[in-house]
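What you see is a predicted model, and the numbers here were worked out from it, not measured in a lab. Chain letters run A, B, ... following the sequence lines, proteins first, then strands; residues in each count from 1.
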Amino acid sequence: MVFDNKLIQQRIDKAELLKKEGINPYSNDSKRNTTIEKFLNVNTDIVHKEDKRDEKRNYTLSGRIKFFRVMGKASFIKIEDESGMLQVYVTRDNFPEGFYNDIFKKNIEVGDIVEVSGYPFVTGQGELSLHANDLRLLTKAISPLPEKFHGITDKEIRYRKRYLDLIMNADVRKTFKIRSKVISLTRRFFEDKGFLEVETPMMHPIAGGANAKPFVTHHNALGIDRYLRIAPELYLKRLIVGGFEAVFEINRNFRNEGMDATHNPEFTSIEFYWAYKTYKDLIEITKEYFRYLFDHLNLPTQLPYGDMEVDFGKFSEVPLIESLYTIGDVPKEIVDDKNKIIEFLNSKNIQVKNTLSLGQLQGELFDEFVEEKLINPTFITEYPVDISPLARRSDKNPEITERFELFIAGREIANAFSELNDPVDQYERFKAQVESKESGDDEAHEMDLDFVEALSYGMAPTAGQGIGIDRLVMLLTNEHSIRDVLLFPAMKPVYAEEKHEESSPQA
RNA sequence: GUCUUGUUAGCUCAGCUGGUAGAGCACGUCACUUUUAAUGAUGUGGCCGAUGGUUCGAAUCCAUCACAGGACACCA
């Protein structure tokens with residue numbers, strides 16, 4: 001039974017009783033004419049009035065009851081709407097005979113959504129409140145709310161029943177409002193720069209644009225498998241081939257990998273591509289983007305993140321190889337020598353496959369010794385070509401690419417490069433990835449001949465970038481788990497085991 | 001995937017080296033017309049995550065499983 005709990009049954013009984021009294025416990029005729037925030041702002045003058053009230057003003061407000069304090073013939077309740085919390089004063093003698101004792105006190109309770117009308121006044125304790133002369137039930141809550149003081153702290157319940165978390169925890173609502181603003185501002189920033197927002201497929205015939213394991217689904221009508229996209233990159237670049245010069249997409253990517261504090265199987269990123277620009281231009285627009293976000297979110301340039309202090313006014317730029325010895329304290333003389341790097345890594349008790357290339361080993365060194373030290377925003381530039389299959393080679397040094405990743409608070413936030421637009425080079429790099437895949441790297445990129453063909457028609461010199469929105473929001477809200485910036489993070493189903501048992505009788 | 005911690009009333013949590021379940025909030029009843037987690041009195045409420053084992057006896061010890069948190073690994 002769904003409603004077998006005693007407390008729930010009690011509340012269902014109350015709803016039934018109200019129906020008998022002619023009160024609809026699920027009424028939809030709200031007459032609200034203002035919000036709590038507006039009420040509180042408009043009536044700040046009441047405190048200066050002689051009798052601390054103005055009976056000529058009248059407001060109708062709605063909200064969920066969060067506190068219910070009965071003191072005999074008078075009660076204080078607190079109701080909450082999206083904008084804030086309001087104290088409402090309810091007295092017996094202000095209502096029709098019987099309402100206060102039999103309806104209000106007995107059958108309306110914490111969790112219910114009510115509508116109140118009345119005038120503003122300030123209590124003896126100095127709190128601006130509403131003196132109610134009408135109170136109506138709008139929605140009966142038949143499940144009791146969690147405890148009013150501690151609220152709900154069990155993370156599992158908070159994630160599985162996010163609505164409860166949102167009811168009980170104003171901070172959580174705030175975090176998701178910031179998230180919404182970040183996405184909205186991001187969209188506006190790029191639109192204002194002349195970028196065109198586009199939508200590209202979520203179901204791909206080839207999981208391309210990143211190195212990651214995809215989710216597989218099946219298209220019945222065509223009888224073929226499709227991959228939930230791991231990145232929109234190759235489609236966006238096709239659009240650049242087609243003549244759009246600045247495009248962006250804010251949407252979900254799906255990666256069939258482990259889950260932890262910084263990884264959810266579906267996550268949101270913005271990717272943008274900008275013709276006739278290079279990664280140098282992307283560094284500049286990224287700095288501008290952060291200034292824009294901070295201005296419009298009204299954030300100080302220095303933000304705490306855990307026990308770190310991040311200064312968003314201090315962006316720096318370091319080539320990857322240089323960062324190994326200037327930041328990572330790796331001996332300078334080994335960074336260009338495969339064997340010496342392996343020796344060094346082994347001496348630090350880090351095991352690596354000896355099939356790794358020089359570039360891959362340099363990447364290892366970076367991950368191991370540099371990444372976590374990059375607290376203030378740092379553009380790490382000039383990535384080795386063999387760990388950058390889609391990036392354009394540097395004209396000065398074909399072993400490195402015109403690429404950067406942006407690190408903040410020890411985490412990768414963005415990845416960007418001048419795009420590879422040489423179709424033959426792209427073909428060769430796909431081939432190298434395929435070989436790598438055949439030798440066991442199941443996350444290597446697949447061959448995408450259709451994309452190579454697109455490039456063969458000529459893609460203007462272009463720079464492109466991806467920014468992880470979830471991790472960005474984590475930074476801005478000082479949250480340390482990606483689940484705390486996702487309304488509905490991925491969770492294992494609770495009842496999987498039972499269902500399984502039903503279908504296969506055993507044990 | 002590995003290690004580790006947790007799972008007890010609707011919620012937040014106690015429950016020691018095994019002896020048959022406890023508090024606060026919520027809920028019921030009573031009192032109370034300016035409270036702020038209101039207060040006072042009183043009462044109801046539990047298959048102690050699941051399954052096995054050890055034991056005269058298990059919330060407690062052991063094993064397996066499920067789910068979750070954390071760390072590590074993988075993952076750019």
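Using a 4.0 Å heavy-atom cutoff across all strands shown, A:Phe121 reaches at least one base atom of the nucleic acid. When heavy atoms are screened at a 4.0 angstrom cut-off, A:Lys52 is found touching no nucleic acid atom at all. Using a 4.0 Å heavy-atom distance criterion, A:Lys66 is classed as making no nucleic acid contact. The residue A:Thr91 sits close to a base: some heavy atom pair falls under 4.0 Å.
Between A:His480 and A:Tyr305, the two ring planes are parallel [angle under 30°; tilted spans 30° to 60°]. Ring geometry for A:His131 versus A:Tyr89: interplanar angle over 60°, hence perpendicular rather than tilted (30 to 60°).
Across the protein-nucleic acid pair, A:Gln87 atom CD and B:A37 atom C1' stand 13 Å apart, rounded to whole Å. Rounded to a whole Å, the NE2 atom of A:His131 is 10 Å from the C1' atom of B:U34. Remark: P of B:A9 and CG of A:Asp154 are 11 Å apart, rounded to the nearest angstrom. Rounded to a whole Å, the CG atom of A:Asn5 is 9 Å from the C1' atom of B:G45. When rounded to the nearest whole Å, the span between CZ of A:Phe68 and C1' of B:U36 equals 15 Å. If you take CG of A:Leu145 and P of B:G24, they are 21 Å apart, rounded to a whole angstrom. Distance, A:Arg11 CZ to B:C11 P: 14 Å, rounded to whole Å. In this structure, CG of A:Asp102 is placed 15 Å from C1' of B:U29, rounded to the nearest angstrom.
For the pair A:His150 and A:Lys106, nearest-nucleotide mapping onto RNA chain B gives the more 5' position to A:His150. Position along RNA chain B of the nearest nucleotide to A:Pro144 versus A:Val110 favours A:Pro144 as the more 5'-ward residue.
Here B:U35 sits opposite no nucleotide as a Watson-Crick or G-U wobble pair (both hydrogen-bonding atom distances under 3.5 Å). Base pairing annotation: B:U4 forms a Watson-Crick or G-U wobble pair with B:G69, both donor-acceptor distances under 3.5 Å. Nucleotide B:G10 forms a Watson-Crick or G-U wobble pair with B:C25, both donor-acceptor distances falling under 3.5 Å. Nucleotide B:C56: paired with B:G19 (Watson-Crick or G-U wobble, both distances less than 3.5 Å). Under the Watson-Crick or G-U wobble criterion, with both distances below 3.5 Å, B:C74 is left unpaired in every strand shown. Nucleotide B:C47 is matched to nothing when pairs are restricted to Watson-Crick or G-U wobble geometry with both distances under 3.5 angstrom.
Contact annotation: A:Lys6 side-chain N/O to B:G45 OP1/OP2 distance is not under 4.0 Å. Under 4.0 angstrom from either OP1 or OP2 of B:C11 there lies no side-chain N or O belonging to A:Ser143. Look at A:Gln125 and you'll find a side-chain N or O under 4.0 angstrom from OP1 or OP2 of B:U35. Close to B:U12, at under 4.0 Å from its OP1 or OP2, lies no side-chain N or O of A:Lys148.
For the 3.5 Å distance criterion, the side chains of A:Thr286 and A:Gln465 qualify, holding a donor opposite an acceptor. Judged purely by distance below 3.5 Å, without hydrogens or angles, the side chains of A:Arg483 and A:Asn264 never pair a donor atom with an acceptor atom. For A:Thr35 and A:Glu82, the side-chain atoms include no donor-acceptor pair closer than 3.5 Å. At a cut-off of 3.5 Å, with distance as the only test, no side-chain donor of A:Arg92 or A:Asn101 sits close to an acceptor on the other residue.
Within a 6.0 Å radius of NZ in A:Lys161, no more than 12 heavy atoms belonging to other residues, nucleotides or ligands are found.
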In B/S/- notation, 5' to 3', how is nucleotides 69-76 of chain B contacted by protein heavy atoms closer than 4.0 Å?
SS--BBBB
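A:Glu127 contributes a side-chain N or O that forms a donor-acceptor pair with the base of B:U36 under 3.5 Å. Taking only distance into account, the side chain of A:Tyr89 meets the base of B:U33 through a donor-acceptor pair shorter than 3.5 Å. A:Thr123 contributes a side-chain N or O that forms a donor-acceptor pair with the base of B:U35 under 3.5 Å.
Nucleotides B:C11 and B:C3 are separated by 31 Å at their P atoms, to the nearest Å. Rounded to the nearest Å, the gap between the C1' atom of B:G46 and that of B:A26 is 16 Å. Across B:C48 and B:A37, the matching P atoms stand 36 Å from one another, rounded to whole Å. B:C61 and B:G19 have their C1' atoms separated by 14 Å, given to the nearest Å. Taking atom C1' on both B:A63 and B:G43, the two are 42 Å apart, rounded to the nearest angstrom. Taking the C1' atoms as reference points, B:C13 lies 29 Å from B:C30, given to the whole Å. Look at the P atom in both B:U12 and B:G69: the space between them is 15 Å, to the nearest Å. Remark: the separation of the P atoms in B:C62 and B:U7 is 14 Å, to the nearest Å.
Between the A:Asp112 side chain and the A:Lys140 main chain, no donor and acceptor come within less than 3.5 Å of each other. Remark: the backbone N or O of A:Glu37 is paired with a side-chain donor or acceptor of A:Ser83 at under 3.5 angstrom.
For A:Glu147, the side-chain atoms get nearest to B:C11 when compared with the rest of B:A38, B:G46, B:C11. You'll find that the side chain of A:Arg53 is closest to B:U34, out of B:G45, B:U34, B:G10. Here the side chain of A:Arg69 is nearest to one of B:C11, B:G28, B:A38, namely B:A38.
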Might you work through the ring pair (Phe, Tyr, Trp, His ring centres under 6.0 Å) test for A:Phe95 and A:Tyr100, ending with a clear yes or no?
CA-CA 7 Å; A:Phe95 287 83; A:Tyr100 181 80; 7.4 Å; no
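A:Arg392 is linked by a salt bridge (charged side-chain N to carboxylate O under 4.0 Å, His left out) to A:Asp395, A:Glu402, counting only residues two or more places apart in sequence or in another chain.
Listed in residue order, the members of residues 70-83 of chain A having a heavy atom less than 4.0 Å from RNA chain B are A:Val70, A:Met71, A:Gly72, A:Lys73, A:Ala74, A:Phe76, A:Lys78.
When each of A:Phe176, A:Tyr163, A:Tyr159 is checked for a side chain to side chain contact (heavy atoms under 4.5 Å, CB included) with A:Leu487, only A:Phe176 meets the rule.
Cation-pi contact between A:Arg162 and A:Phe488: absent, since separation from the ring centre below 6.0 Å together with deviation from the ring axis within 45° is not met.
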